[in-house]
Peer 1: 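Provided herewith is a single structure, encoded as structure tokens, for subsequent inquiry.
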Amino acid sequence: MELNGLSLWEKILEKLKEKVPEQTFKTWFSPTKGLNFSEDTLFVEVPNPFFIDWLEEHYINILSDIAVSLLKRKMKISFKANTSEAMRPEPVLKDIVAFPSPRTNLRERYTFENYVVGKCNQFAQAASLAVAKAPAKTYNPLFIYGGVGLGKTHLMHAIGNYSQSLYRDSRAFYIPAEKFMNEMIYAIKNQETLEFKNKYRSLDMLLIDDIHFLADKVSLQEEIFHTFNALYGAQKQVVVTSDKPPREIPALEERLISRFQWGLVVDIQPPDLETRIAILKKKSEMDGINVPEDVIFYIANNIRTNIRELEGSLVRLLALSSLTNTEINLTTAKEMLNSIIGSRKNQINLKNILKTVADFFDVSEESLVGKRRTASVVLPRQVGMYILRELTSLSLKEIGSKFGGRDHTTVLHAYDKIGTLIKEDREFSNNIDKIIRKLTS
Ligand code: ADP
Ligand code: MG
């Protein structure tokens, strides 16, 4: 039997499909790809390192058995995480089916309907909607910036998708800055620069993602500058995203900075607790599964900055429950998330926590761990205990001893009280987020 890595892996998956639940297969195997098969090892590409751990832990035996039964000899399967943009930990929820159409490069599932609006992103969302409805008539260019996994790419596709639905004859096109550069290099090598220029300059809307990639890349900046001018001059819409505002992108040419600032520059902030909960609810609803309220709250309360991670943990939870055929509940959620949250816990030190909390509330570190019980220091002290419990693996007793030899029940009381306040008081919860972000970023 002549088999290369790709087809061998496909054969293996065909057999596997009969043995595992459909959701499991979709979650863990649809995003994989056979690479090469040499000697006795089959290399398989997976989206991220987490897959490697998971597959090795749970599936390596069954996969090897299938492989042996196909090849009639022993072989090894070796997983490799893909590091390129295309396979980044995209959530593996059931609605990723369609590949982007080559005409627009847009991903259909990134829509405004699926985008949860909160305080953190309302301005960016409103500007994006305005641009989608009336391209080149409102904010041009629209420059959206914000940290990793906060929804920039999603918004950008939503603009494209919505405007394509309104203006069917027009052509929007999405491209990550890095791919734009690769295309440009390819065009230069193959003497197709004219085609390249025409392709981009004939668009009605150009969506360039992750433009911070331009930093230090002179020829790319040059080409984007000319493309921008051509489109802008012809009253076509340009949308760009970046992880930083224009002025903070290292070595970005002044003329590009000024172009980017002609239109509107909007940012996306990390989501507050309420928005995180809404996002988790939306995602589980879209996937048609019922995730208990306390589990949603637990995830939202523990994964604070990155929406991609937020989604990822939901996906893992689903996969886990379908694999083990168990219900999703708080215990399974805690166990599963422990691996993510737990690994962060040890890196944070006591001194830093005390200092950050003290600074935030403008009290001294000594008073935080001291004996006095004045109102102004009681709450900060309880917050300190809460954060210590959340971010470290210290026991209640140990935490008590760090706070001037207090009893473990005092710590527990503080922890419960702050937990309740977080649930009930939005502003308070945002403040706790701020402190924790400071400590964990
Ligand atoms: P970025 O481009 O800023 O790194 P993405 O747009 O790729 O982030 O978002 C990461 C993931 O989080 C995507 O799957 C996206 O659908 C989801 N996401 C981000 N923001 C929201 C939101 N406000 N509502 C729903 N999903 C969101
Ligand atoms: Mg992105």
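Whatever order the structure lists them in is the order used to number ligands and atoms, beginning at 1.
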Peer 1: Taking non-hydrogen atoms only, is Glu311 closer than 4.0 angstrom to ligand 1 via side chain, backbone, both or neither?
Peer 2: side chain
Peer 1: Just by modelled atom types, is the Arg171 backbone N or O under 3.5 Å from a matching donor or acceptor in the Asp204 side chain?
Peer 2: yes
Peer 1: Whether Glu309 and Arg304 form a salt bridge (side-chain N of Lys/Arg under 4.0 Å from carboxylate O of Asp/Glu) is what I want to check.
Peer 2: no
Peer 1: For the aromatic rings, using the six-membered ring if either is Trp, is the centroid distance between Phe29 and Tyr59 under 6.0 Å?
Peer 2: yes
Peer 1: For the residue pair Phe196 and Tyr186, is the inter-centroid distance of their aromatic rings smaller than 6.0 Å?
Peer 2: no
Peer 1: Where the closest heavy atom to atom 25 (C) of ligand 1 is concerned, which of Asn114, Ile307, Leu310 has it?
Peer 2: Asn114
Peer 1: Without hydrogens or angle criteria, can the side chains of Asn161 and Tyr110 be said to hold a donor-acceptor pair below 3.5 Å?
Peer 2: no
Peer 1: Taking both backbone and side-chain atoms of Val117, is any N or O found less than 3.5 Å from an N or O belonging to ligand 1?
Peer 2: no
Peer 1: So is Gly146 touching ligand 1 or not, going by heavy atoms under 4.0 Å?
Peer 2: no
Peer 1: Would you say Leu150 has any N or O atom under 3.5 Å from an N or O of ligand 1, going by distance alone?
Peer 2: yes
Peer 1: Got an N/O contact under 3.5 Å between Ile279 and ligand 1?
Peer 2: no
Peer 1: If the cut-off is 4.0 Å to any non-hydrogen atom of Gly147, which atoms of ligand 1 fall inside it?
Peer 2: 3 (O)
Peer 1: Under 3.5 Å, is there a donor on one side chain and an acceptor on the other for Thr332 and Asn329?
Peer 2: yes
Peer 1: Is there a heavy atom of Met156 sitting under 4.0 angstrom from any atom of ligand 1?
Peer 2: no
Peer 1: For a distance under 2.8 Å, tell me if Thr241 has an N/O/S atom near the Mg ion (ligand 2).
Peer 2: no
Peer 1: Is the distance from the ring center of Trp9 to that of Phe37 below 6.0 Å?
Peer 2: no
Peer 1: Indicate, as side chain, backbone, both or neither, the part of Asn121 found under 4.0 angstrom from ligand 1 when only non-hydrogen atoms are considered.
Peer 2: side chain
Peer 1: Look only at interatomic distance and state if Leu155 has a nitrogen or oxygen under 3.5 Å from any nitrogen or oxygen of ligand 1.
Peer 2: no
Peer 1: Please tell me whether Asn4 and Ser7 have a donor and an acceptor in their side chains that are separated by less than 3.5 angstrom.
Peer 2: yes
